[in-house]
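Treat the numbers as computed from the prediction; the structure is a model and nothing was measured. The residues of the chain are indexed from 1 along the displayed sequence. Counting convention: from 1, in listed order, for ligands and their atoms alike.
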Amino acid sequence: MRVLVTGGTGYIGSHTVVSLIENGHDVVIVDNLSNSKISVLDRLYQITNHNIDFEKIDLLDIDLLDEVFVKYSIDCVIHFAAFKAVGESQEKPIEYYKNNIGGLLNVLQCMRKHNVFKLVFSSSACVYGTPDCCPIPETAPIRPQNVYGRTKAICEDILKDTSNADNRFSFAILRYFNPIGAHESGLIGEAPNGIPNNLMPYITQVAAGIREKLTVFGNDYPTEDGTGVRDYIHVCDLADGHVAVLNWLDNNKGYCIYNLGCGRGYSVLELINTFEKVNDIKVNYVIGPRRSGDAATCFSDPSKANNELNWKAVKTVEDMCRDSWKWECYARSSNL
Ligand code: NAD
Ligand code: WQD
């Protein structure tokens, strides 16, 4: 299949491009490089030995996007491109709604015009908000608690409405839990701009001496050690989930929703301890107050994806910690 990957130079997109190529698909990447670097393409070449077609385009420019659909014969779209920082989304709601919803609408319009009917959409566990119970099934209530989460919930509704109105479409909505880790080569990984919001990039930057210490946001949660519990998933397992769902798109119309997670939770302290152990390096941390909006515990029930997609996250939290650190070391030594 020829797959158009929007946001394909970004963190999850670049790993998915590797999986797609390893599974015999052709790829064209569209990205405006607002949160990624052009050098990802060289590193993708080193990993895959393939020159990957790339178009530097903002999805909000529908005329340029249309030209991509004219230039390439596209069978399917995997739509990663979006803004993703929860805190920033509260400060810049207009930009977030415009980019995340406007981008999807432009992609859908071009798809319809050029008779492309299959799309995979990056959604997020944050559409569930604070869950009533864990593990969280796909049927749990949708009640996002921030602008970013609401952009994802709205996009999900757009896809459901569109597939109900036009039965030529097949949409796969994937709700990711907490992706961490990096490709085992260490050549691609997550490259946050400025101070990281998420736990793993913060840990790796403290370990690398770029930041003095990590603040653990609260140790008085009703969890085993009092710190927040999340469902961390290796980004390469997540990437493979996208390849697995392509089969569903080939054989079904309408839309499907799958949680992509490991189905078990790790606490902040467990993640820090595992990171220190597998990499034999110290991570300085202090216990601070809770971060507003954080749930105590959030982990998935991934059994629907396991059973229906024949996909399962197989990498361990040790793999995640080792590969995140390998990437951080490479990125620092290469001035990325
Ligand atoms: P990322 O920022 O690394 O990648 C997104 C890419 O999209 C970037 O390369 C950016 O330059 C590009 N982009 C953004 N807006 C664009 C536009 N208008 N036109 C063209 N390109 C544009 O993010 P990621 O972590 O790889 O996330 C990918 C997707 O998965 C996003 O939709 C995100 O919301 C979702 N998601 C991420 C996480 C996570 O923790 N990383 C969790 C759940 C869901
Ligand atoms: C994990 C745990 C924190 C930083 C977010 C988004 C979600 C999805 C994934 C996009 C929590 C604790 C964190 C720190 C800490 N992204 N923590 N100190 O909040 O589960 O999910 O990223 O879709 O939508 O909300 O991930 O990595 O920020 O936090 O103690 O400096 O680490 O309290 O328990 P989160 P996270």
Side-chain angles (χ1 to χ4, degrees), residues 5-16 29-38 40 55-61 64-65 78-87 89 95-96 98-100 102-104 106-107 120-129 144-146 148-149 151-152 155 174-180 188-193 195-203 205-206 211 213-219 221 223 227-233 235 238-239 242 260-261 265-269 271-272 285-299:
V5 182
T6 76
T9 44
Y11 174 44
I12 305 169
S14 58
H15 290 82
T16 302
I29 295 175
V30 166
D31 202 299
N32 65 359
L33 302 177
S34 59
N35 199 35
S36 53
K37 296 202 168 79
I38 190 75
V40 168
E55 303 289 341
K56 182 173 183 283
I57 279 172
D58 192 320
L59 295 181
L60 297 183
D61 188 332
L64 288 178
L65 184 60
I78 305 185
H79 180 51
F80 292 105
F83 293 155
K84 64 166 181 178
V86 170
S89 76
E95 285 78 3
Y96 269 68
K98 186 172 173 188
N99 197 49
N100 293 7
L104 175 66
N106 283 353
V107 168
V120 182
F121 177 70
S122 300
S123 189
S124 167
C126 73
V127 299
Y128 298 119
Q145 283 159 358
N146 50 61
Y148 166 70
T151 71
K152 292 295 176 187
C155 287
L174 303 181
R175 294 180 181 151
Y176 315 150
F177 279 69
N178 289 62
I180 59 171
I188 52 172
E190 185 173 13
N193 271 330
I195 303 172
N197 301 302
N198 296 114
L199 180 58
M200 182 52 90
Y202 213 108
I203 290 178
Q205 291 197 8
V206 171
R211 314 226 167 254
K213 58 181 184 300
L214 169 78
T215 301
V216 175
F217 296 145
N219 68 347
Y221 285 106
T223 60
T227 66
V229 167
R230 295 292 181 273
D231 186 345
Y232 298 99
I233 174 169
V235 66
L238 190 68
H242 294 74
L260 295 187
Y266 280 86
S267 75
V268 176
L269 291 181
L271 198 68
I272 295 171
Y285 70 85
V286 291
I287 305 293
R290 292 182 179 191
R291 182 171 67 179
S292 148
D294 272 358
T297 302
C298 176
F299 63 93

Atom 30 (O) of ligand 1 - nearest protein heavy atom and its distance: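 Here the closest protein heavy atom is Tyr176 CE1, 3.3 Å.
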Identify, for atom 24 (P) of ligand 1, the protein heavy atom at the shortest distance, and state residue, atom and that distance.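 For this ligand atom, the closest protein heavy atom is Lys84 NZ, 3.7 Å.
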How long is the gap from [atom1] on [X] to [atom2] on [Y], to the nearest 0.5 Å?
X	Y	atom1	atom2	result
Leu260	His242	CG	NE2	6.5 Å
Leu174	Phe80	CG	CZ	8.0 Å
Ile272	Met200	CD1	CE	10.0 Å

Hey, what's the ring geometry for Tyr96 with Tyr148, parallel, tilted or perpendicular (30° and 60° as the breaks)?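 It falls in the perpendicular class, over 60°.
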List ligand 1 atoms under 4.0 Å from Ile57, heavy atoms only on the residue side.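 Ligand 1 atoms under the 4.0 Å threshold to Ile57: 19 (N), 20 (C).
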Option set [options], criterion heavy-atom distance to [atom], minimum:
atom	options	value
atom 26 (O) of ligand 1	Asn106, Ile12, Thr151, Asn193	Ile12
atom 8 (C) of ligand 1	Asp31, Val30, Asp58	Asp31
atom 20 (C) of ligand 1	Thr6, Asn100, Asn32	Asn32
atom 7 (O) of ligand 1	Cys155, Ala81, Gly149	Ala81
atom 40 (O) of ligand 1	Pro179, Ala191, Ala85, Gly10	Pro179

Please report the closest heavy-atom contact between Tyr221 and Thr227, naming both atoms and the distance.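 Here Tyr221 and Thr227 meet closest at CD1-C, 4.3 Å.
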Using atom types as modelled and distance alone, determine if a side-chain donor or acceptor of Asp58 lies under 3.5 Å from a backbone N or O of Leu60.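 Confirmed, Asp58 side chain pairs with Leu60 backbone.
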Main-chain N/O of Thr9 paired to Lys37 side chain as donor or acceptor, under 3.5 Å: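 No, Lys37 side chain to Thr9 backbone: no donor-acceptor pair under 3.5 Å.
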What do you reckon, does Gly7 have a nitrogen or oxygen under 3.5 Å from a nitrogen or oxygen of ligand 1?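 It does not: no N or O of Gly7 is found under 3.5 Å from an N or O of ligand 1.
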Please work out, at 4.0 Å between heavy atoms, whether the side chain, the backbone, both, or neither of Leu33 comes within that distance of ligand 1.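 Only the backbone of Leu33 comes within reach of ligand 1.
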Should the heavy atoms of other residues, nucleotides or ligands under 6.0 Å from OH of Tyr285 be counted, would the total exceed 12?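 Count not over threshold, so no.
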Protein residues near ligand 2, heavy-atom distance below 4.0 Å?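 Correct list: Val86, Ser124, Cys126, Tyr148, Asn178, Asn197, Asn198, Leu199, Leu214, Thr215, Val216, Phe217, Gly228, Arg230, Tyr232, Val268, Arg291, Asp294.
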Kindly write out the residues that satisfy salt bridge (Lys or Arg N to Asp or Glu O under 4.0 Å) with Lys84, not counting sequence neighbours, or none if the list is empty.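 In terms of salt bridge (Lys or Arg N to Asp or Glu O under 4.0 Å), with neighbours along the sequence ignored, Lys84 is linked to Glu190.
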